[in-house]
Protein chains: 2
Amino acid sequence: MKIEDEIKSTVALDLSKKIILNIMYTNNILSEKFNEILKPYDLSGEQYNVLRILRGQKGNPANMCIIQERMVAKTSNTTRLVDKLLLKELVTRNVCPDNRRKIEVLITQKGLDILAELDPKVTAHENALTTNLSKEELEQLNTLLEKYRNQQQ
Amino acid sequence: MKIEDEIKSTVALDLSKKIILNIMYTNNILSEKFNEILKPYDLSGEQYNVLRILRGQKGNPANMCIIQERMVAKTSNTTRLVDKLLLKELVTRNVCPDNRRKIEVLITQKGLDILAELDPKVTAHENALTTNLSKEELEQLNTLLEKYRNQQQ
DNA sequence: TTTTATTGTTCGTTCTAACAATTTATTACT
DNA sequence: AGTAATAAATTGTTAGAACGAACAATAAAA
């Protein structure tokens, strides 16, 4: 469905407005579906994101700064996200001995297990979204999004 | 900057994952900038969205259902959004005489004035984002987003 | 004309986002 | 060494999102 129909727009929208609405609307669809997948595991999207970042560390601890700069939403409160994960025993948190301002966060086996269980579901969803697009179209979409995003503000 | 660099990814991402991250990340950039523009007017993005929907009604009242279905984020709590706008005297709210379950929401002159003041700033921002893309590329981006979004889930 | 179902909206609660201020630890400077 | 500046993380607070329950008005059915 076209974006004008999705939001039942009464007026014609120019291209630049349509793009923004399209991105925001698509993002909402993505988030909703993601949350649906994560809900049975009692994880929010951002919590899941943190877990994936930690897994990507391949055994090396990550401090709060590292997690923050790798997150998709840069304004999240990392301390509280890690708190929640700690309560569920999906991560460990320790003061870094070399620099006691820093915190070393590691994913636990339990955390890795949950991610492993989620992986196929997430991948299936990701791939389902791309079935009607050719490889070229997907690459084009990526390129255009990056080009769009990197304008001078 | 490419999405892998933005989130400092340590592993290679396949296309379908990259697209999702790219959409989400781009959406965050958009929202942040939008909020920055709206902040001096003490409006949230969703409140602004509701005001624009009401203006689009061109004098006809909108009830909660109509507002809800035209919003970009369908999960918002419309009652409370309208409450906030009412407090700022940007809308009026009255029970519909024909059907007392319904509420007639209208934008006030004060609301229209704020929108009129915001219009050039919002448009300038929207257009700034599209300067490096040709008309064809913009249309392509729209088409690809719609195609992407409308896959079978 | 009651009863039942549906619709439209509001309210209660819990959790998270956003932003600022604060605490604690380290580094830099003179 | 002592003090200021910076860095890393936490905490406080307010507003908004998410979800469901509750409520009232209307429509449909018996």
Side-chain angles (χ1 to χ4, degrees), chain A residues 24 27-51 61-88 91-106, chain B residues 24 27-51 61-88 91-106:
Chain A
M24 288 187 163
N27 178 72
N28 286 335
I29 302 282
L30 285 176
S31 303
E32 273 172 31
K33 184 66 187 177
F34 246 101
N35 289 334
E36 209 174 290
I37 295 175
L38 296 176
K39 199 169 183 187
Y41 297 87
D42 191 28
L43 283 176
S44 72
E46 291 304 329
Q47 287 172 19
Y48 173 67
N49 196 214
V50 170
L51 283 182
N63 61 33
M64 297 296 191
C65 282
I66 289 181
I67 295 173
Q68 182 108 32
E69 73 179 11
R70 297 195 179 175
M71 284 187 21
V72 183
K74 305 295 187 198
T75 57
S76 298
N77 194 323
T78 315
T79 300
R80 282 175 179 135
L81 278 174
V82 171
D83 277 349
K84 295 290 158 58
L85 295 172
L86 196 65
L87 276 176
K88 298 174 200 160
V91 303
T92 59
R93 178 169 64 179
N94 291 300
V95 174
C96 171
D98 297 338
N99 184 341
R100 285 183 306 168
R101 285 174 305 183
K102 293 189 182 179
I103 298 289
E104 294 188 334
V105 184
L106 279 166
Chain B
M24 289 187 163
N27 178 72
N28 286 335
I29 302 281
L30 286 176
S31 303
E32 273 172 31
K33 184 64 187 177
F34 247 102
N35 289 334
E36 209 174 289
I37 295 175
L38 296 176
K39 199 168 182 187
Y41 298 86
D42 191 28
L43 283 176
S44 73
E46 291 304 330
Q47 288 172 18
Y48 173 67
N49 196 212
V50 171
L51 284 182
N63 60 33
M64 296 296 191
C65 282
I66 288 181
I67 296 174
Q68 182 108 32
E69 74 180 9
R70 296 195 180 175
M71 284 187 21
V72 183
K74 306 293 187 199
T75 58
S76 298
N77 195 323
T78 315
T79 299
R80 283 176 178 135
L81 276 173
V82 171
D83 277 349
K84 294 292 158 60
L85 295 172
L86 197 64
L87 276 176
K88 297 173 200 161
V91 302
T92 59
R93 178 169 63 178
N94 292 300
V95 173
C96 171
D98 298 337
N99 185 339
R100 287 185 301 167
R101 285 175 302 184
K102 292 190 182 179
I103 297 288
E104 293 188 335
V105 184
L106 279 166

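Below, chains carry the letters A, B, ... as their sequence lines are ordered, and counting in each starts from 1.
- Atoms CZ (R80(B)) and P (dT14(D)) sit 18 Å apart, rounded to a whole Å.
- Here the side chain of N28(B) pairs a donor or acceptor atom with the backbone of V72(A) at under 3.5 angstrom.
- Remark: C1' of dC19(D) and CG of L38(A) are 17 Å apart, rounded to the nearest angstrom.
- Put simply, CD on Q47(B) is 9 Å from C1' on dG16(D), counting in whole angstrom units.
- For the OP1/OP2 pair of dA7(D) and a distance below 4.0 Å, the side-chain nitrogens and oxygens of K102(A) include no atom meeting the criterion.
- Summarising the geometry, the separation between CE on M71(A) and P on dA18(C) is reported as 10 Å, rounded to the nearest angstrom.
- In this structure, N49(A) contributes its side chain and G45(A) its backbone to no donor-acceptor pair below 3.5 Å.
- Atom-to-atom, CD of Q68(B) to C1' of dT9(C) comes out at 10 Å; the value is rounded to the nearest Å.
- E32(B) comes within contact range of no nucleotide atom at all, as no heavy-atom separation falls under 4.0 Å.
- Counting heavy atoms from C-beta on, the side chains of S31(B) and M24(A) come closer than 4.5 Å.
- Side-chain atoms of E104(B) do not come within 3.5 Å of backbone N or O of N63(B) as any donor-acceptor pair.
- Where R100(B) and N77(A) meet DNA chain D, the nucleotide closest to each residue was compared, and N77(A) sits on the side nearer the 5' end.
- Annotation: of the two residues near DNA chain C, N99(A) and L81(A), the 5′-most nearest-nucleotide partner is L81(A).
- When rounded to the nearest whole Å, the span between CG of L85(B) and P of dT10(C) equals 13 Å.
- Counting distance only, with no hydrogens placed and no angle test, the side-chain atoms of R101(B) and the base atoms of dT7(C) include a donor-acceptor pair under 3.5 Å.
- Comparing K39(B) and I66(B) by the nucleotide of DNA chain C that holds the closest heavy atom to each, the one mapping nearer the 5' end is I66(B).
- As rounded to whole Å, 9 Å separates atom P of dA17(D) from atom NZ of K84(B).
- The side chain of T79(B) approaches dT10(C) more closely than any other nucleotide in the set dT26(D), dG16(D), dT10(C).
- L87(B) has its CG atom 15 Å from the C1' atom of dG16(D), to the nearest Å.
- With hydrogens and angles disregarded, a donor-acceptor distance shorter than 3.5 Å links the side chain of K88(A) to the backbone of D42(A).
- If S44(B) and D83(A) are placed on DNA chain D by their nearest nucleotide, the residue sitting closer to the 5' end is D83(A).
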